[in-house]
Amino acid sequence: MIRLANHPDYRITYHPAPAPTEKLMITFGGQPSDISDTGFGSDFAMKHGWDHVFVAQRRHSQFQGLHAAVFKAAVAPLCTAGRDVICYGASLGGYAALYYGGQIDARIIAAAPMLPAWKGLGLPAYADVPVHHKHLKHSRRSKHAPVVIYDPVQRRDVQFLNQTVRPTYRDIREVALPFTGHTVLVALSNMRLLKKLITSLVVDNKIPQLELKRSGDPSFHRERAKALSFTHPDFARQEYERALAARPAKSTINNLFSLLVRMGDKAALQEILDSCANDPNPQMTILPQMLVRAEKLGLQVDHDLALAS
């Protein structure tokens with residue numbers, strides 16, 4: 001392990017492979033990761049015997065403290081002629097793979113790329129995070145067409161693609177996987193398809209045929225429910241219930257709870273409150289703001305449940 005750069009805002013760490021390899025995989029921390037020597041993609045790269053660089057950001061800084069020139073200077077000695085350099089990340093890390101991958105002419109694999117502080121998204125939670133990076137189209141671009149893996153039903157993901165990535169790379173290679181959610185790689189991992197996809201992209205630079213598991217997959221049912229919750233609430237309710245039956249998840253139970261509040265089904269809401277109060281699974285927890293809504297509806301709320309959440 002060799003630290004190529006170390007700063008309060010970032011850390012760039014090199015993990016040489018045990019044997020010579022033409023592959024160099026550079027991966028980037030997502031949100032809410034922090035300064036570390038390994039992270040997203042590290043195990044994957046090292047298990048395959050590739051040289052690996054992990055790029056970490058200070059929590060909540062969204063890589064804005066790492067100047068493009070600093071990154072390039074740190075990794076340039078590794079990017080020798082003939083090397084196959086791949087930048088890979090998801091969400092915030094996917095954005096970083098695009099931004100920094102362009103600086104070194106790398107191949108780029110970006111899953112649901114997102115810079116939450118990007119002003120074009122108008123997200124209030126990140127309004128105070130300064131954005132120092134140039135727009136992608138005004139930054140150095142890679143000669144390689146990036147591969148972007150995403151869910152076309154995710155409105156903000158598509159918005160970010162339209163505002164930043166597509167204007168920059170007209171030849172983008174898109175892997176559009178509906179109803180996999182913003183955490184598209186998690187959904188693929190649950191379907192046992194992630195290794196197949198990323199290995200094919202890294203080794204052969206090819207997008208393989210993917211047969212997505214749909215029925216019974218919790219991500220699929222949850223994301224389809226979210227997409228249809230306002231237009232087809234009864235169907236969305238069934239889909240949330242299918243997702244919970246496949247895998248309990250805090251986001252799913254609270255999305256279902258919010259839907260039932262809108263539908264005004266007090267009996268079903270009380271049943272969920274009672275069930276969660278007696279369920280030791282921490283994933284079956286109702287969020288405080290949802291409990292407030294329940295009390296306003298006159299439902300019986302276990303205040304120990306409120307403390308647990």
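More than 12 heavy atoms of other residues, nucleotides or ligands shown are found within 6.0 angstrom of NE2 on His132. The neighbour count for Arg192 CZ, taken as heavy atoms of other residues, nucleotides or ligands under 6.0 Å away, does not exceed 12. A 6.0 Å sphere centred on NZ of Lys119 holds more than 12 heavy atoms belonging to other residues, nucleotides or ligands. Other residues, nucleotides and ligands contribute more than 12 heavy atoms inside 6.0 Å of the CZ atom of Arg173. Within 6.0 Å of NE2 on His48 lie more than 12 heavy atoms contributed by other residues, nucleotides or ligands. For Asp171, the CG atom sits in a packed shell: over 12 heavy atoms of surrounding residues, nucleotides or ligands are nearer than 6.0 Å.
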Can you list the steps and then say if Thr285 with Cys276 is a side chain to side chain contact (heavy atoms under 4.5 Å, CB included)?
CA-CA 6 Å; Thr285 303; Cys276 288; over 6 Å; no
Check step by step if side chain to side chain donor-acceptor pair (under 3.5 Å) holds for Gln31 and Tyr126.
CA-CA 12 Å; Gln31 190 166 265; Tyr126 306 103; 3.2 Å; yes
After noting the C-alpha distance and the side-chain angles of Glu174 and Arg166, does the key distance pass the salt bridge (Lys or Arg N to Asp or Glu O under 4.0 Å) rule?
CA-CA 10 Å; Glu174 299 188 8; Arg166 286 176 174 142; 2.9 Å; yes
Report the C-alpha separation of His52 and Ser42 in whole Å, then their side-chain angles, then the decisive distance to 0.1 Å, and conclude whether the side chain to side chain donor-acceptor pair (under 3.5 Å) test is met.
CA-CA 7 Å; His52 170 53; Ser42 294; 2.9 Å; yes
With side chain to side chain contact (heavy atoms under 4.5 Å, CB included) as the criterion, how do Val148 and Val165 come out once you've worked through the C-alpha distance, each side chain's angles and the decisive distance to 0.1 Å?
CA-CA 9 Å; Val148 176; Val165 186; 4.3 Å; yes
Passes side chain to side chain contact (heavy atoms under 4.5 Å, CB included), Cys87 versus Ile104? Steps please.
CA-CA 9 Å; Cys87 286; Ile104 56 173; 4.1 Å; yes
Could you please spell out the steps behind the side chain to side chain contact (heavy atoms under 4.5 Å, CB included) verdict for Thr13 and Ile2?
CA-CA 6 Å; Thr13 308; Ile2 304 169; over 6 Å; no
Set out, in order, the CA-CA distance, both residues' side-chain angles and the distance that settles side chain to side chain donor-acceptor pair (under 3.5 Å) for Asp274 and Gln270, then state yes or no.
CA-CA 6 Å; Asp274 295 341; Gln270 189 64 61; 3.0 Å; yes
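Taking hydrophobic clusters as Ile, Leu, Val, Met, Phe, Trp and Tyr residues chained together by side-chain heavy-atom distances below 4.5 Å, Trp118 shares a cluster with Val158. The hydrophobic clustering, which links ILVMFWY residues whose side-chain heavy atoms are closer than 4.5 Å, places Phe71 and Val85 together. Each of Ile253 and Val186 belongs to its own hydrophobic cluster when Ile, Leu, Val, Met, Phe, Trp and Tyr are linked at side-chain heavy-atom distances under 4.5 angstrom. If you chain together hydrophobic residues whose side chains sit under 4.5 Å apart, Leu201 and Val203 fall into the same group. Val131 is connected to Phe160 through a chain of hydrophobic side-chain contacts under 4.5 Å among Ile, Leu, Val, Met, Phe, Trp and Tyr, so both are in one cluster.
Residues satisfying the side-chain hydrogen bond (donor to acceptor under 3.5 Å, both in side chains) test with Asp9, not counting sequence neighbours, are Arg58. Evaluation of the side-chain hydrogen bond (donor to acceptor under 3.5 Å, both in side chains) rule for Arg107 yields Asp84, Asn205 as partners, not counting sequence neighbours. Every ring-ring contact (aromatic ring centres under 6.0 Å, His included) that Phe40 has, sequence neighbours left out, goes to Tyr88. Annotation: side-chain hydrogen bond (donor to acceptor under 3.5 Å, both in side chains) contacts of Glu271 (sequence neighbours excluded): none. Residues forming a side-chain hydrogen bond (donor to acceptor under 3.5 Å, both in side chains) with Asp34 (at least two apart in sequence, or on another chain): none. Under the salt bridge (Lys or Arg N to Asp or Glu O under 4.0 Å) criterion, Arg83 pairs with Asp51, not counting sequence neighbours. The ring-ring contact (aromatic ring centres under 6.0 Å, His included) check on His221 picks up nothing, with sequence neighbours excluded. By the salt bridge (Lys or Arg N to Asp or Glu O under 4.0 Å) test, Asp217 is found to be paired with no residue, residues two or more places apart in sequence or in another chain being considered. Listed by chain and residue number, nothing satisfies the salt bridge (Lys or Arg N to Asp or Glu O under 4.0 Å) test with Arg214 (two or more places apart in sequence, or in another chain).
The shortest side-chain heavy-atom distance between Leu161 and Pro113 falls under the 4.5 Å cut-off. No side-chain heavy atom of Val55 sits under 4.5 Å from any side-chain heavy atom of Tyr10. At least one side-chain heavy atom of Val261 sits under 4.5 Å from a side-chain heavy atom of Leu269.
Taking every heavy atom of both residues into account, Gly120 and Gln159 meet most closely at O-NE2, 3.1 Å. The two residues Leu297 and Lys266 have their closest heavy-atom pair at O-NZ, 3.3 Å. The shortest heavy-atom contact between Phe63 and Gly29 is CE1-O, 3.2 Å. The nearest pair of heavy atoms linking Ile149 to Leu188 is CG2-CD1, 4.4 Å.
Phe235 shares a hydrophobic cluster with Leu228; the chain of contacts runs through ILVMFWY side chains whose heavy atoms sit under 4.5 Å apart. Hydrophobic cluster of Phe179: the remaining members, joined at side-chain heavy-atom separations below 4.5 Å, are Val153, Phe220, listed by chain and number.
At distances below 3.5 Å, not a single donor-acceptor pair connects side-chain atoms of Ser258 with backbone N or O atoms of Asn254. The backbone N or O of Asp105 sits nowhere less than 3.5 Å from a side-chain atom of Lys143 that would complete a donor-acceptor pair. Between the side chain of Arg141 and the backbone N or O of Gly102, no donor-acceptor pair lies under 3.5 Å. The backbone N or O of Leu185 sits nowhere less than 3.5 Å from a side-chain atom of Ser189 that would complete a donor-acceptor pair. No donor-acceptor pair closer than 3.5 Å links the side chain of Asp204 to the backbone N or O of Lys206. When atom types are taken as modelled, the side chain of Thr252 and the backbone of Ala243 share no donor-acceptor pair closer than 3.5 angstrom. Counting only distance, with no hydrogens or angles, the side chain of Asn255 and the backbone of Ser251 share a donor-acceptor pair below 3.5 Å. Thr27 places no side-chain N or O within donor-acceptor distance of the main-chain N or O of Gly41, the cut-off being under 3.5 Å. Remark: the backbone N or O of Gln154 is not paired with any side-chain donor or acceptor of Lys226 at under 3.5 angstrom. Side-chain atoms of Tyr100 come within 3.5 Å of backbone atoms of Leu66 as a donor-acceptor pair (strictly under, hydrogens ignored).
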N/O donor to acceptor pairs below 3.5 angstrom from side-chain atoms of residues 89-99, sequence neighbours left out:
residue: Ser91; atom: OG; partner: His182; partner atom: NE2; Å: 2.7
residue: Tyr95; atom: OH; partner: His133; partner atom: ND1; Å: 2.6

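Here Glu211 does not pair with Lys196 in a salt bridge; the nearest charged N to carboxylate O distance is not below 4.0 Å.
When ring centroids are compared, Trp50 and Phe44 come within the 6.0 Å threshold.
No donor-acceptor contact under 3.5 angstrom links the side chains of Gln57 and Gln64, judged on distance only.
Atom OG1 of residue Thr38 and atom NE2 of residue His15 lie 6.0 Å apart, to the nearest 0.5 angstrom.
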